[in-house]
Structure formats: C-alpha cells, structure tokens
Amino acid sequence: MTPFRLPRRWSPDPERPAIARRAGVPLTVMTSKQERAGGAFALPEKPALEGLERKWLARWEADGIYRFDRTAPRERVFAIDTPPPTVSGSLHVGHVFSYTHTDILARYHRMRGRVVFYPMGWDDNGLPTERRVQNYFGVRCDPSLPYDPSFVPPEKPGKTPIAVSRPNFIELCERLTAEDEKAFEELWRHLGLSVDWSLTYSTVGKTAQRVSQRSFLRLLKKGIAYQLEAPTLWDVDFRTAVAQAELEDRETPGAYHKLRFKRPDGGAVEIDTTRPELLPACVALVAHPDDPRYQPLFGTEVVTPLFGVRVPVKPHPLANPEKGTGAAMICTFGDVTDVTWWRELGLPVRAVIGPDGRLRPVTWGSPGWESTDAEAAQKAYDALAGLTAVKARAAIVELLRASGDLIGDVRPITHPVKYYEKGDRPLEIITSRQWFIKTIEFRDALLARGRELQWYPPFMQSRYQNWVEGLTGDWCISRQRFFGVPFPVWYPIDGNGQVQYDRPILPSEERLPIDPSTDVPDGYTADQRGMPNGFAGDPDVMDTWATSSLTPQIAGGWEDDPDLFARVFPMDLRPQAHEIIRTWLFYTVARAHFEHDSLPWRSTTISGWVLDPDRKKMSKSKGNVVTPMALLEQHGSDGVRYWAAGGRPGTDTAFDPGQMKVGRRLAMKLLNASRFALSNAEPRGPVTVPVDRAMITSLAALVDDATALFEENQYATVLERTERWFWTYCDDYLELVKSRRYGAQGPELAGSANTALLASLSVLLRLFAPFLPFVTEEVWSWWQPGSVHRAAWPTSAELLETIGGPDESAALALERASLVLGEVRKTKSEAKRKLSTPVTRLVVRDTPEHLEALRTAEADLVSSGFVQSLHLEPAEAFEVEVTLAADEPPVPAS
RNA sequence: GGGCGGUUAGCUCAGUUGGUAGAGCACCGGCUUUACACGCCGGCUGUCACAGGUUCGAGUCCUGUACCGCCCACCA
C-alpha cells in the first residue's frame, strides 16, 4: 500500500519523434566461434579490467584496425583536423579530456561505416620549444657562429648559457622534441585514441615546411602576403615581432606623471603620461577637436621639456577629454594608439626604444633630432641611454623634477598593459621590416566563413565573430627567431652592399622546402652570399601559427599527394579549445579561404577546460596536478575516458576522480553482466515473451536516440542515457529473466530470453564502444569475431527484426513487472530482510489493462521476487500488498 | 566599456517542444542473491540566484537586477 511515483524508464516515450532508420549499414550477424562449434562461449571465471589496455593496444596495432583506407571516396571519409599538441609543454589532464572527446566521435563515425582519417600532429615549432631547449640544455642560439658538428651539450645546464650555432640549436630542438613526442604517443595510445599512427606529422618537419613555404609563395603571388617596414608589436625579451592575436592585457602597476610643455607665448600645456621615459620620442601633442581648452593651440607648436623639441599640437577624435588633462603626448611609440595617431596625423618617427628594450643611442642635433638646445638634450639623454624602459623612467623623473617640468607627485595606478602572451615584460612597438598576411580587407568574407561553419556549441561562433570584427591590423607572420620555418626568400645585394628588400628572389616550388641561410638562389653561387652584387637570405622564421594554420593541408598531403588530399579535404571536424579561436581557428579559416576558396572543415567542436576543484583552470603551475599516465593506471583508461566523456562541448568540467571510479565500476559491471548474458546462452529461440519484447523495443528507441544525439556531437548525453538504460537493464530486466533463462519455465521461454539477451548485449557493447573501448573489446572478443570497433553501429532495425517490428503493447509488461518487483524489494529492505525472503502473499491491485500486462510477466515476477502466492485484483489505482514470511528462528550460536 | 556563457540537492551536473523537480557522488540503513562485495537493495536531501511579466500552468519563454567565469576593448 505504498504510494509511489511511476518510473518512466521502461516505457517508450510516445511523444518522441520517429527517427528515420538509417539504411545501408549491414547487420552484425550474431555468430561466434563457439556457437558455430555448437558449444558454450568460453568465458573467464573472474573477469577483470587489469591489463586490458596492454592486451588490446597490441592487438589493435597488429591488426591495424584504425588504419585509414586510402581508396575510400570522399563522401565516405570522415576527416579530423587533430590539434597537434605542443610537445614541449607538459602533459596534463586537459589533454586527456579534450582528446577523448574527439576519439569518441572518431569511433562513432568509424562504426557508422565512415572511413576515419585521424592523424596526429606534433607541434614542435616556435618559441615554447626554443625556450625549453635553452633551459633544458643551457644553451642560447647565436646565428653568427659556425656549425660545430662535434658539439655535445653538458650533462647539466650551467649557469651561463653556452652560445651555439643555429644548426646546432635546431639539432637540439629536434632531439628534445623527439623525446617529447614519444611520451605523448605513449599516453595517447594508452588512453585508447584510435589514431592512425602512420599519419603523424610535425609542424617543423619537411612536409610542414614545404606546405608553409608553398602557401606563402602563392599568397605572395596573389598579393595577399606582403612585407612592410612599419611599427610592430615587439617583445623585448624574445626580441621578435608578435601578432595581435598573441597579445594579452595584464593589470600592471604604473603611475601618472604630469609634464609641462612650454608654449611659444611663454605659457604651458600640461599632459599626463605613464611613460615619461618616452619624452625624447615625443612627436606631437594631441587633444580632442571639440575640446575648447586646446582648440586655440591646434596648429601651434610647443617645446618638450628637457629635450627642447618643437612638436605640433594636433586635434584627433581618439583623444579623450576625460582622461588626464585632456591632452596627450604622442610618442613613437608608446602604445597602439600612438601608432594610429602617428599614421593618421602624418607625424615623423623619433624612435628611442631599441629591439632589446633599452634606450638606444641618439645624437641630438642630427637630422630628425633637432632641438632648441641640442647640448642640453644630449646631456639629458645620455643619462637615459642604455637603460631599460623601467630604469629610464626612474631616471627621467629625477631629471624632470630637477628641471621643474614634473608637476606635483607621480600618482601610482594599476592599469592594463599589453604583453606578449608568453612574455614577461610589456610589449614595445618597434619599427621593423616584417611580413604580413592581409586580413583586414577580407574581413567580410572571413566573417561569412564563420557563419558557414557548423559550431558545437553554436554560441562559440560569437567568439570568432567578435574577434574578426575587432581586427585592427593585418597578420604579422615573421618572427626574429631561429627555430621555425624560414621564409623561402632571398634578396639581391646591390653594388654598394645594400640589400634590396623590395626585389625578393623566390625559389621555384619544386625546390621547397629551402633554408635561405644555407641554400643558394638559382643563378647565384654560394660565395656570393652577403657580397656586393650577391644575395642575402631572409633571416626570419614564420610565426608558428603561419604553419599550424595549415594543418589540414599538411596532414592531407596538399600538392604532395593530390589523391589523398582530394579524399580528405575539406575535412569534417576541427576539435579545439576556445582560447585559440582567434588564432588557430581563425588563421586556418583564412588560409583555406585564400588557398582553396573554401572552409577547411565542415564543423568544429570547441572543448571546455578542466577545472580544479576551486573552479580555476587547471594548470601545471599548481603543484597538485596528477600526471595523466598515473591517472590512467589508477582508474583504467576506460574509467578516465568515462569522466572525460561527461564534458559537453564548450562546457568546463571539474577534475573529478570520483567520476573515474564510477566509470571503472561501469566497466566492471559490463564485464559481469556480459558474463551472465553469455553463460548458459542455450537454447535459443524466437523472442515471444512480452518482457523480452519490451526490453528490445526500449533498446531500439535508445539506439535511435543515441544515433541522433551523436550526429549532433552530443556524446555526453549518449553516454548518460545509455548508462541509465544499462543500469536499469541490469537491475530489473536481468533479475526478472534470470530464472527463466536457466530453464525454470521450460526451454522455449528460456530461448526467448537467451535470444533477447544476446541481441541486447551485442547492441549495448557497440553503444558503449566509443566510450569504453577496452572493456567493450574484451567482452566482444568472448563471443564475436573481429573488433567491436570495426563492427557496425547498432540500428533499431536490427533489434526490431528479432521481434518482427516494434512491440509497444509489450512495453507495459516490463514496466509493470519492474514496478511490482521494486515494491517487493522495498518492503524487504525496509523490513531489513534479505531479498531472498519468501513473499507468502503478494496482492497487486491495478487497472485491468495493467493487470493483463503484468500477467504476461507473472512467472518472471514470482521467481525473481520469491513470491509464493500472487493475487491480481482489479482496482482504480495501483496498490501493492506484500506479506513476508515470518522470520526464521534465530540460529543459536555454535 | 562590449560580447558570450553560467547560477537547480552538501558536491559535480542533467533537465528536449512550458505540464507533479532528476542522476551520480557523498551520507544513512540493510543484504553474501548461483553475473558482479570493484557487488546488491532501499532511504534522506530543493525558496530551481533575485524581482517583475506572459500563461490555466514557468526550472524552461520575455524584461530587468545581482553574482561567478570566459573572450574582447584606443591602456595617454
């Protein structure tokens, strides 16, 4: 007489829209070695998870089950543009998390009959590698040194870095990344990534160099790549240009300094600045055109303090009357606004910050450095020259204070300052010659590409949109570094020894890849390098993104393997993290747009982050991060994958070992339930019993759900629903049919259960296979030929075939029987009796329709509930009365 | 300052098209039941951030507010 709620778990949802069955995938034929031999399946006595990884990794590798089929036509291929992990970075759970998501999708599509192109790249290009090599070996690159073939790095890095040649440095980079790649591959394999390991590439390998250089040359021909001597964002520690996409703001302490500029009429103009050390680089003052305080001064000149430079006062709408005094000094260059003003107001350049971030020597009184008192200017400047910006700031404050041009105290503030994302000191803006790729004039087309792309989750598109709309300059792709893809360009040197940058010498594409620092352009000889009337190589290397924006082309064999490329490009999926939408994703879209006039891929999945329990992004800087391999060993790869699979696209997920334990438990349950289903699997017969037919019908609905969800990359929901279904299957269905399948109701009804058990197990294993590749493969091997990962994704059709079509009328049988069984269990549990306690009398009151359904499951219910007498009584509402057998007399202690 | 997410049980999170609030973990109690003690059965747990609005009915739709997070921004 317990009131309760109706669990809806077994009843198919009549509201659910019918999902068209997908045809064309062959049914898995349910045969096995044992069945063919007429015997029982060979099942392990005590199934275990330990060692499954090693066992199946070896087999998968030997059988090549993840090998890409190069004969597959494009429409059958599912191509993935795998993110090449930065091998010089450390492995962390974030990698495990997001790469698992992609693998789950890869495995699903493979089972759907698609030929999955799943390569793995290694990002061993760029500054992180350089920096790591410097620290690891204790060296620094000096390009002026000759190659030393006998160089051996010290055992332990010394305090003073050893200077090595560029070729030596690159050798060390390659040596270190090779070790890193091994560690990554081992982790990926252990995690069970179904990558085709014959399709690996590196972002600094020959192929990547050739592709990068070829694409660059073509952009150059199209006029999309160009070089320019211009103010460029510059990191003074790395001594290289960087791109807008690699900037980040950091709150940094600073201070306002109020400076006084003299007017010709003897008056003064005051401005506020946070960078007084740039006073010698001041080229103008600026104020808002509508600002009445400064309108009278527009068109006049003022004189800078200390340096006596006459600079104009100009109006510009960017000047903010609210800030400081409303007037600002324009320096070349203090920040990007200075660049805008400088360009739009047509001002001269007076650069004082050198590439090393120190104030460079200047001769006052020379052209461009005119002063009303050159001697005083020189004296003041000499006190600053050679200092870093920060030290020069302190020094100039003293000078200004002494001269009386600093008004009042400096006022400390904290303000956002632009940094290179990998750098430690604020960016400077340095005028230099750099290579650019045009993006601004293609803004609309690139925005359209963003709309054309399918985003998972869709809201991530706005990140792209915002970024492209906010672009302020073209993409600077040259870096003044050593380890990277060189620009395939030389320049002629004229008779006076001047390098002719405007007349680049280009190699033919057949020669690529080339290194202009060692290779010689056609028509020249090696001894003409650096000589008058000879040639010079471009000294720069490409931005790492200039190469990694071509991963689809590199992995797909663009131009090198046209047949392969036609089969995989444009690709189907780009999985990646959201913080690199503005770099990797945007640049890749741009390159494909320029080169192929298409998207590089049809869709993208944006993964979330792994968060610490304190809700911060997990990072290696926190000492408490567990190494991924230790996690895999502790919880099993399937367990860790289970946790990762719970992370929906675009959603951050907390690091949670508890979920890994749950995953491990699920894997264990799968082993044991399978053992049950496969033991005593004879005799086999048609599925006639309503309880069995209901289970099959319900599973068929789950399969349709799962398939539809997977098509939307909703893997987390697939796992959740499959798991829920499976657990109910174990708790209710298996319990109900247990005695029947052992023959309690005769061979015919046992045959119905056995057929249903095997059909459901086959489907369940395949539903779980993308998530738990090891345990599903293990169970599959007990009774099925081949790999579950090459088996066809289950269909509702194949299930319904076993019962001759959906049987909605049977659904009620399982639902009512499960309900009553639950009531019986509850009564026993609350009476603190064991579940095998006999029920002397079970009364079920229910509607006639329900009772009729229950009657078809009566025998199963009676046996699983240990019911001695069952009474079904028609009633308005559902009610159950359970009478338990009296307690057995206590057993006297022996 | 702009944009995008989020706020549901102690914790981590689901919640399709509006229709009686869910799962796992944790906690409590019980149980060796011939697949599983790496197990099983059961129980407890809610101002769905807040305020309005639409509606017969709102966790869900609309408006506003607060807080958290992320991305971006011209930072003198």
Side-chain angles (χ1 to χ4, degrees), chain A residues 5 13 15-17 43 46-49 247-249 251-252 254 256-257 271-275 278 285-286 318-320 323-331 334-341 413 415-418 426 457 459-467 469-470 472 578-579 581-582 608-609 611 613 615-617 636 646 648 650-656 658-659 661-662 664-665 667-680 705 709 714 716-717 720-721 723-724 727 730-731 734-735 738-739 742 822 824-837 864 866:
Chain A
R5 287 193 207 91
D13 182 355
E15 305 283 325
R16 181 171 348 112
L43 305 176
K46 186 89 178 166
L49 298 171
L247 306 189
E248 65 183 32
D249 285 359
E251 283 294 328
T252 306
Y256 275 122
H257 307 69
I271 60 103
D272 277 315
T273 181
T274 55
R275 299 206 60 184
L278 293 179
L285 297 191
V286 68
L318 265 184
N320 185 351
K323 271 194 176 165
T325 64
M329 74 172 180
I330 303 174
C331 304
D335 60 29
V336 292
T337 316
D338 277 346
V339 178
T340 307
W341 282 328
I413 53 159
H415 61 155
V417 173
K418 287 203 187 305
F459 69 78
M460 284 294 179
Q461 195 203 319
S462 61
R463 300 274 180 105
Y464 177 93
Q465 187 101 7
N466 289 348
W467 175 254
E469 284 171 354
T472 57
H578 53 71
E579 75 269 24
I581 288 174
R582 65 175 176 169
W609 281 337
L611 302 177
R615 312 302 303 165
K616 294 283 182 225
K617 186 188 175 187
R648 293 168 155 73
T651 304
D652 295 345
T653 298
F655 176 71
D656 188 357
Q659 282 302 104
K661 291 198 180 82
V662 173
R664 189 177 170 80
R665 192 172 312 163
M668 199 68 210
K669 189 83 173 170
L670 211 44
L671 280 182
N672 286 312
S674 301
R675 206 175 94 82
F676 168 75
L678 295 173
S679 61
N680 298 77
D705 258 3
L709 287 163
Q714 306 260 33
T717 311
E720 186 185 311
R721 293 192 189 175
E723 184 190 11
R724 178 82 51 87
W727 226 266
C730 290
D731 293 348
L734 294 187
E735 291 303 323
K738 194 174 278 182
S739 71
Y742 284 137
V824 171
R825 280 181 194 142
K826 188 172 169 178
T827 306
K828 291 176 179 177
S829 185
E830 282 170 352
K832 302 187 197 270
R833 304 287 297 278
K834 55 188 178 186
L835 291 177
S836 56
T837 303
S864 53
F866 300 89

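In what follows, chains carry the letters A, B, and so on, assigned in the order in which the sequence lines appear, proteins first and then strands, with residues in each chain numbered from 1. If you're wondering where the values come from, they're calculated on a predicted model, not measured in any experiment.
Straight-line distance from the CZ atom of A/Phe655 to the C1' atom of B/C11: 15 Å, rounded to whole Å. In this structure, A/Gln714 places its CD atom 13 Å from C1' of B/G15, rounding to the nearest Å. Counting to the nearest Å, the P atom of B/A73 and the CD atom of A/Glu469 are 13 Å from each other. For the pair A/Leu611 CG and B/G69 P, the interatomic distance rounds to 11 Å; values are reported in whole Å. A/Asp335 places its CG atom 7 Å from the C1' atom of B/A76, with the value rounded to the nearest Å. Whole-Å rounding puts the A/His578 NE2 to B/G69 P distance at 14 Å. Spacing between atom CD of A/Glu720 and atom P of B/A14 amounts to 9 Å, rounded to whole angstrom units. Atoms CG (A/Leu671) and P (B/C36) sit 12 Å apart, rounded to a whole Å.
Contact annotation: A/Tyr256 side-chain N/O to B/A76 OP1/OP2 distance is under 4.0 Å. Residue A/His415 has a polar side-chain atom (N or O) positioned under 4.0 Å from OP1 or OP2 of B/A76. Distances shown here put every side-chain N or O of A/Arg582 at or beyond 4.0 Å from the OP1 or OP2 atom of B/C71.
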For nucleotides 23-33 of chain B, read 5' to 3', which letter fits each nucleotide if B means a protein heavy atom sits under 4.0 Å from the base, S means only the sugar-phosphate is that close, and - means neither? SSS---BSSSB
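Nearest-nucleotide mapping onto RNA chain B: of A/Lys323 and A/Thr717, the residue sitting toward the 5' end is A/Thr717. In this structure, A/Trp341 and A/Arg664 both approach RNA chain B, and ranking their closest nucleotides by distance from the 5' end singles out A/Arg664.
Only the C1' atoms considered, B/U65 is 47 Å distant from B/C41, to the nearest whole Å. Comparing B/C71 with B/U12, their C1' atoms sit 25 Å apart, to the nearest whole Å. When the P atom is used for both B/C67 and B/A26, the distance is 36 Å, rounded to whole Å. Separating the P atom of B/C50 from that of B/U7 is a span of 13 Å, rounded to the nearest Å. Taking atom C1' on both B/A73 and B/C4, the two are 15 Å apart, rounded to the nearest angstrom.
Residues passing the side-chain contact (heavy atoms from CB on, under 4.5 Å) test with A/Tyr256, sequence neighbours excluded: A/Asp272, A/Thr274, A/Arg411, A/Ile413. Under the side-chain contact (heavy atoms from CB on, under 4.5 Å) criterion, A/Ala831 pairs with A/Arg833, A/Leu884, not counting sequence neighbours. Scored by the side-chain contact (heavy atoms from CB on, under 4.5 Å) test, A/Thr472 finds A/Gln244 as partners (sequence neighbours excluded).
For A/Ala319, the side-chain atoms get nearest to B/A76 when compared with the rest of B/A35, B/C72, B/A76. The A/Trp467 side chain lies nearest to B/C72 when the options are B/C72, B/A14, B/U12. In this structure, of B/A76, B/C40, B/G42, it is B/G42 that holds the atom nearest to the side chain of A/Lys826.
The existence of a salt bridge linking A/Arg648 and A/Glu720 is confirmed by a sub-4.0 Å separation between a basic side-chain nitrogen and an acidic carboxylate oxygen.
When heavy atoms are screened at a 4.0 angstrom cut-off, A/Asp249 is found touching base atoms of the nucleic acid. In this structure, A/Cys730 reaches the bases: a heavy-atom distance under 4.0 Å links it to at least one base atom across the strands shown.
Using cut-offs of 30° and 60° for the angle between ring planes, the A/Phe676 and A/Tyr742 rings count as perpendicular.
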Annotated structure of RNA chain B as dot-bracket, pair cut-off 3.5 Å, Watson-Crick or G-U only, | for inter-strand, is (((((((..((((.....[..)))).(((((.......))))).....(((((..]....))))))))))))....
Which atom pairs link the protein and nucleotides 3-7 of chain B when you take only N or O atoms and keep those under 3.5 Å?
residue: B/G3; atom: O2'; partner: A/Asn466; partner atom: ND2; Å: 3.0

